[in-house]
Amino acid sequence: MTETIHPSGLTAEKIAELRAIAEKAAEQSYSPYSKFRVGAAVLLDDGQIFAGPNVENASYRLTICAENTAIAKAVSEVGPGIRLRAVAVANLNGANSMPCGACRQILYEFGGVDTWVFGPGEDGPVDIKLGELLPHGFRLERE
Ligand code: THU
């Protein structure tokens with residue numbers, strides 16, 4: 001069987017796996033206020049995958065998005081040099097949930113315009129580059 005290769009260079013199977021891991025992470029969501037259960041899975045350049053859910057707070061604005069949790073997990077496990085190849089976002093509410101604006105910037109910190117984002121959009125599954133979701137992302141000089 002010929003493997004389908006996506007423009008990202010990832011196989012359809014790998015993308016499906018990433019989406020499934022994001023969905024699984026959403027089961028751990030702490031979202032008693034919004035009841036919106038989100039999960040994110042980040043695929044690093046070295047092939048490792050880290051995932052996490054959204055974690056809400058009674059002081060609403062302190063809520064941590066799923067993408068942020070997944071990134072924090074990857075950094076804490078692998079270190080500051082992580083590079084982000086792709087991210088999948090899922091929710092258990094049957095809704096669309098592409099990464100919010102703040103999360104796009106958080107992803108950009110460890111990725112770039114060519115990082116792929118897989119999420120549930122308004123009209124079904126979306127696959128898009130981060131550079132399209134966040135043109136002219138903010139960066140500072142790094143060592
Ligand atoms: N949420 C995420 O986890 N990721 C996003 O990109 C958008 C929003 C969460 C935050 C909050 O717990 C819930 O979804 C409703 O906004």
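Both counts, for ligands and for their atoms, begin at 1 and track the order of listing.
Distance alone, capped at 3.5 Å, is enough to place a donor-acceptor pair between the E56 side chain and the Y33 backbone. Looking at D45, its side chain never comes within 3.5 Å of a backbone N or O of I82 through a donor-acceptor pair.
Counting all heavy atoms, side chain and backbone alike, P120 lies closest to R19 at N-NH1, 4.5 Å.
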Between the protein and ligand 1, which nitrogen or oxygen pairs come in under 3.5 Å, and how far apart is each?
{"unit_1": "ligand 1", "atom_1": "3 (O)", "unit_2": "A66", "atom_2": "N", "d": "2.9"}
{"unit_1": "ligand 1", "atom_1": "4 (N)", "unit_2": "E67", "atom_2": "OE1", "d": "2.8"}
{"unit_1": "ligand 1", "atom_1": "6 (O)", "unit_2": "E67", "atom_2": "OE1", "d": "3.4"}
{"unit_1": "ligand 1", "atom_1": "6 (O)", "unit_2": "E67", "atom_2": "OE2", "d": "2.8"}
{"unit_1": "ligand 1", "atom_1": "6 (O)", "unit_2": "C100", "atom_2": "N", "d": "2.8"}
{"unit_1": "ligand 1", "atom_1": "12 (O)", "unit_2": "N54", "atom_2": "ND2", "d": "2.8"}
{"unit_1": "ligand 1", "atom_1": "12 (O)", "unit_2": "E56", "atom_2": "OE2", "d": "2.4"}

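Atom CD of Q105 has more than 12 heavy atoms from other residues, nucleotides or ligands within 6.0 Å.
Rounding to the nearest 0.5 angstrom, the gap separating the CD1 atom in I106 from the OG1 atom in T69 is 9.5 Å.
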Expected list for residues 121-137: side-chain donor-acceptor pairs under 3.5 angstrom, two or more places apart:
{"unit_1": "E122", "atom_1": "OE2", "unit_2": "N96", "atom_2": "ND2", "d": "3.3"}
{"unit_1": "D127", "atom_1": "OD2", "unit_2": "H6", "atom_2": "NE2", "d": "2.4"}
{"unit_1": "K129", "atom_1": "NZ", "unit_2": "D114", "atom_2": "OD1", "d": "3.0"}

